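These notes concern the structure reproduced below.
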Number of protein chains: 2
Amino acid sequence: MTGRLTHPTRSDARYNREHILDVAREVFATEGLTAPMREIARRAGIGPATLYRHFPTKELLATEAFAAQMAACETVVDEGLADPDPWRGFCSVIERICELHARDRGFTAAFTTSFPHAVDFTARRERTLALVAKLAGEAKKSGRLRQDFVLDDLVLVLMANGGIHAASPATRVAASRRFAALVIRAFEA
Amino acid sequence: MTGRLTHPTRSDARYNREHILDVAREVFATEGLTAPMREIARRAGIGPATLYRHFPTKELLATEAFAAQMAACETVVDEGLADPDPWRGFCSVIERICELHARDRGFTAAFTTSFPHAVDFTARRERTLALVAKLAGEAKKSGRLRQDFVLDDLVLVLMANGGIHAASPATRVAASRRFAALVIRAFEA
DNA sequence: AGCGAAACGGACGGGGGCGTCCGTTAGCTT
DNA sequence: AAGCTAACGGACGCCCCCGTCCGTTTCGCT
């Protein structure tokens with residue numbers, strides 16, 4: 001069913017679809033998920049109807065737009081797991097995911113908010129969190145991570161990281177970095 | 001000039017003013033600062049015009065409504081300073097302020113956001129922060145607080161604490177408590 | 001080249017919030 | 001108790017966003 005939507009036959013439709021996603025990524029990153037659909041349409045140089053035809057709901061658009069970010073999250077966790085030193089891997093996961101969220105306002109919202117209809121997105125999130133849990137287990141065994149760490153602590157940290165608002169993205173990333181360093185100190189045994 | 005506004009001559013006006021403030025506190029606490037002015041008027045059982053007559057801008061209303069919360073913040077800091085153990089005082093400030101913010105969605109926003117026109121509000125905030133700085137200095141001298149703590153770390157924590165969203169206020173307060181414990185561990189030498 | 005279908009986008013109606021006007025109500029004064 | 005005036009609130013116009021309809025354009029196939 002989605003085959004028709006994901007692979008339009010006509011070239012202009014195919015181009016528009018990708019172009020919309022590019023613009024949506026940029027707009028969501030700077031303005032957040034609350035950005036109007038119209039704004040995305042405007043910047044993409046298309047009419048609202050075209051936007052809605054490609055992505056009937058904002059949830060669908062966001063899910064597709066953040067697929068790359070989600071993949072980046074998974075990569076970060078995978079690389080953390082691959083690190084021979086589990087504590088170092090654990091720290092890198094916190095640092096890099098915090099930075100990912102700081103760079104992209106919308107992604108934080110998309111990650112935290114669970115859209116009712118974006119089922120596969122929450123599924124991927126849960127799967128990734130499960131991998132983090134595994135990494136945390138190894139880090140605990142190595143003795144560097146506090147034994148009383150629970151996965152909810154990480155969720156808490158991500159939510160809190162989302163609360164770091166700042167005028168410029170640069171400041172936000174810097175603040176987020178400091179924040180990551182802070183919580184890592186808190187998690188260290 | 002504000003004398004007329006703060007002390008209306010007619011009894012119904014005087015009552016309405018206080019009633020609006022009560023309702024605004026409740027609405028801001030549960031719905032956040034983004035709550036429509038209309039909602040406050042509705043719950044107060046008055047027309048929008050009456051609300052706007054008493055408080056021409058949302059900033060003015062919020063500033064007045066959160067005066068009590070602001071005072072509570074100051075009390076918390078004062079009591080922290082009064083504690084003979086500066087580290088314990090410092091911890092109590094973090095815990096209690098985080099809880100204050102968790103209980104009141106709007107206050108977080110009002111505290112973090114600097115309204116362009118609510119001059120005296122930011123002034124009180126700065127004054128309070130200065131007191132916290134003093135407390136932090138003593139806590140450092142006692143050796144329990146890390147030497148590299150800076151006041152910006154606390155601001156960062158408050159912003160991050162504001163990012164902790166949750167369905168029920170109870171959950172939010174609980175999460176905020178865990179968060180406070182987390183950052184205290186990070187701040188301990 | 002010409003046709004059919006797919007894709008486009010201007011325009012519409014609906015909903016909600018905002019701030020204000022002005023006719024009405026009701027408190028205070030003498 | 002009667003009038004003056006402050007205070008009230010329903011209703012208005014404005015703007016922004018949403019999602020959709022439908023007439024027009026353009027692509028791709030033959």
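Every value quoted in this text rests on a predicted model; they were computed, and no experiment measured them. Here is how names work: the chains are called A, B, and so on, in the same order as the sequence lines, proteins then strands, and each is numbered from 1.
Straight-line distance from the CZ atom of B/R42 to the C1' atom of D/dA11: 15 Å, rounded to whole Å. Spacing between atom CG of A/L51 and atom P of D/dC21 amounts to 16 Å, rounded to whole angstrom units. Atom CD1 in A/I40 sits roughly 9 Å away from atom P in D/dC18 (whole-Å rounding). Taking atom CD of A/E59 as the reference point, atom C1' of D/dC18 lies 13 Å away to the nearest angstrom. Note: CD (B/E31) to P (C/dG17) measures 11 Å, nearest angstrom. In this structure, A/R14 places its CZ atom 16 Å from C1' of C/dC8, rounding to the nearest Å. Atoms OH (B/Y52) and C1' (C/dC21) sit 14 Å apart, rounded to a whole Å. In this structure, B/R53 places its CZ atom 8 Å from C1' of D/dG9, rounding to the nearest Å.
Distances from the side chain of B/T9 to the nucleotides D/dA7, C/dC18, D/dA11 place D/dA7 closest. For A/T50, the side-chain atoms get nearest to C/dG9 when compared with the rest of D/dC18, C/dG9, C/dC18. Closest to the side chain of B/S11, from the set C/dG9, C/dG27, C/dC21, is C/dG27. Considering only the side chain of A/R10, C/dA6 comes nearest among D/dC8, C/dG9, C/dA6.
Heavy-atom distances to DNA chain C give each of B/P36 and A/A13 a nearest nucleotide, and the one nearer the 5′ end belongs to A/A13. When each of A/D12 and A/R38 is assigned the nucleotide of DNA chain C with its nearest heavy atom, A/D12 is the one assigned upstream, toward the 5' end. Where A/T34 and A/A49 each meet DNA chain D at their nearest nucleotide, the meeting point lying more 5' is that of A/T34.
OP1 or OP2 of C/dC18 sits under 4.0 Å from a side-chain N or O of B/K58. Distances shorter than 4.0 Å separate some side-chain N or O of A/H54 from OP1 or OP2 on C/dC8.
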Report the C-alpha distance between A/K140 and A/R146 in whole Å, list the side-chain angles of each, state the deciding distance to 0.1 Å, and finish with yes or no for side-chain contact (heavy atoms from CB on, under 4.5 Å).
-> CA-CA 6 Å; A/K140 273 188 197 173; A/R146 296 178 61 100; over 6 Å; no
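With ring centers used as reference points, A/F66 lies 6.0 Å or more from A/F111.
Ring geometry for A/F179 against B/F179 counts as tilted: the plane angle lies between 30° and 60°, on a 0 to 90° scale.
With respect to B/E95 and B/R177, no salt bridge is recorded, no charged nitrogen being found less than 4.0 Å from a carboxylate O.
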